[in-house]
Number of protein chains: 2
Amino acid sequence: MNKSENLEGKAELLKALGHSTRLLILNLIRMKPRHGEELAAILNLKPATISHHLTKLTNVGVLVAEKDQYYQVFSVNQHALKPSLSDIIHLSQQDIMPNAEVDAYREKVVKTFFKLGRLTKIPAQLKKQRIVLEKIVEEFEPEREYTEREVNIILLDFNDDVAALRRGLISQKLMTRVKGIYQRITE
Amino acid sequence: MNKSENLEGKAELLKALGHSTRLLILNLIRMKPRHGEELAAILNLKPATISHHLTKLTNVGVLVAEKDQYYQVFSVNQHALKPSLSDIIHLSQQDIMPNAEVDAYREKVVKTFFKLGRLTKIPAQLKKQRIVLEKIVEEFEPEREYTEREVNIILLDFNDDVAALRRGLISQKLMTRVKGIYQRITE
DNA sequence: ATTTTAATTCGACGCTTGTCAAATCAAAAA
DNA sequence: TTTTTGATTTGACAAGCGTCGAATTAAAAT
């Protein structure tokens, strides 16, 4: 698999391009293929420095080298420069998953508000309230119809303010109430 | 003028994108807009660190922030990600000129081989020979016809090996010789 | 064989950057 | 008003990176 197709490879490519000296080198070579000494003279840098930059640009595939007599002549690989930023930045799910514990925030909120299975406090912030109520609604079976009394009994396990919980579940559209009968919504 | 249109601006943009953590942030936000705390929990980094990265991404315009209650919710500015690498890398002549002394290599070669107006040695390498001969051929007027004797007199000012110089000028196609008459080529 | 020339490698130096803890801010909740 | 909560700033530390001089290598000219 091509290096520039995974997370680190993509970061490398963009990092290699993210330096003003290397952008200049790239443009000078784009005008016409050139060798290291020439670039060193033009940019007023030492050959060692130029070599360092050329190595980076070659490693990520935007430059290709070809021997000519003494010289190592570099030219631009247009193919590598075709994709848009969008194309390059877009990571596959496999690249994101190992680095990001996507539900970490959710779990953190749950840990904060549930102690020993009970809700210590009903979150004021909507985002957090939503997360907590989604957790609670799991106690209701889909499809099944509940009376308000049955609902209250279940909710009482979580918090004494069952009215607030009921209101939340309805307004967040996690449950419906028609004529006093409650039902869990499953989308 | 937009910042991302000059050398340093372009380098900044690419540098901002050239880091694996920031690529992950960008992808997480692309799935859906998110706020700092959430990203910190997901990526297992401290809020201060996330803030640092978000600032960089916002400064170069790939993220936009919007307040929502407590939160500062970030979303991706697709517009900024449209251009291809090629588009971004391409610098204007005004950006290149101040940094690159484009004729520096040429001048360096001339300085090396000319001492007090005379050619100390005829360069063996074609590239350098070419540069030196282009300098010498300037002594001939365009259009005008020269006999070999006239050519020799001029060349003698530069180097005793006038035969080699004549040969070089012809083979490098800087002059023509037809029936013993020499003429400078101007393209 | 010796010398020249371009390129590369290595080690060193200083500047930049990523990360965090602690302090501070700003906005909303209690 | 006082507390809570998310965001930012500051300072510190370590890791990374750009630059150079010196030594080395590779190829070609003398």
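Everything quoted here is computed from the prediction, not taken from an experiment. Letters go in sequence order (proteins before strands), and every chain restarts at 1.
Counting non-hydrogen atoms under 4.0 angstrom, T21(A) reaches the backbone sugars and phosphates but no base. Here H52(B) lies in heavy-atom contact (under 4.0 Å) with a base. A124(B) comes within contact range of the sugar-phosphate backbone alone, with a heavy-atom separation under 4.0 Å but no base atom that close. Nucleic acid contact for K128(B): sugar-phosphate only, since backbone atoms but no base atoms lie under 4.0 Å from a heavy atom of the residue. Heavy atoms of L45(B) sit under 4.0 angstrom from primed sugar atoms or phosphate atoms, though from no base atom. Note on Y70(A): a base of the nucleic acid sits closer than 4.0 angstrom, heavy atoms only.
As a whole-Å value, the separation of L39(A) CG from dA7(C) C1' is 13 Å. Remark: P of dT4(C) and CD of E37(A) are 15 Å apart, rounded to the nearest angstrom. Atom pair H19(B):NE2 and dA15(D):C1' shows a separation of 11 Å (rounding to whole Å applied). Atoms CG (L126(A)) and P (dG6(D)) sit 14 Å apart, rounded to a whole Å. Atom CG in L54(A) sits about 10 Å away from atom C1' in dA7(C), given to the nearest Å. The distance between atom OH of Y71(B) and atom P of dA28(C), rounded to the nearest whole Å, is 12 Å. Distance, K121(B) NZ to dT3(C) P: 13 Å, rounded to whole Å. I50(B) places its CD1 atom 12 Å from the P atom of dG18(C), with the value rounded to the nearest Å.
Comparing N44(A) and K108(A) by the nucleotide of DNA chain D whose heavy atom lies nearest to each, the residue mapping closer to the 5' end is K108(A). Comparing I122(A) and K46(B), the nucleotide of DNA chain C nearest to each residue sits closer to the 5' end for K46(B). In terms of position on DNA chain C, the residue among Y105(B) and T55(A) whose nearest nucleotide sits closer to the 5' end is Y105(B).
Around CD of E66(B), the count of heavy atoms belonging to other residues, nucleotides or ligands within 6.0 Å does not exceed 12.
Side-chain proximity of A48(A) to the nucleotides dC20(C), dT5(D), dG21(D) is greatest for dG21(D). The side chain of Q125(A) lies closest to dT5(D), out of dT5(D), dA7(C), dT9(D). Nearest to the side chain of Q72(B), among dA7(D), dG18(D), dT5(C), sits dA7(D). Closest contact between the side chain of R22(A) and the listed nucleotides dA21(C), dT19(D), dG18(D) involves dG18(D).
The side chain of K127(B) places no N or O atom within less than 4.0 Å of a non-bridging phosphate oxygen (OP1 or OP2) of dA6(C). An OP1 or OP2 oxygen of dT19(C) is reached within less than 4.0 angstrom by a side-chain nitrogen or oxygen of H53(B). Residue T49(A) places none of its side-chain N or O atoms closer than 4.0 Å to OP1 or OP2 of dT19(D). Within the structure, a side-chain polar atom (N or O) of K56(B) is placed less than 4.0 Å from OP1 or OP2 of dG18(C).
Within the 4.5 Å cutoff, the side chain of E101(A) has no heavy atoms near those of the I42(B) side chain. Side chains of L28(A) and L43(A) form a contact here, defined as non-hydrogen atoms less than 4.5 Å apart.
Taking the six-membered ring where tryptophan is involved, the planes of F158(A) and F114(A) are perpendicular, since the angle between them exceeds 60° and thus also 30°.
Between the side chains of E37(B) and Y71(B), no donor N or O sits under 3.5 Å from an acceptor N or O.
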- [ ] Give the intermediate values and the outcome of side chain to side chain contact (heavy atoms under 4.5 Å, CB included) for residues Q125(A) and Y70(B).
- [x] CA-CA 9 Å; Q125(A) 297 172 61; Y70(B) 272 123; 3.2 Å; yes
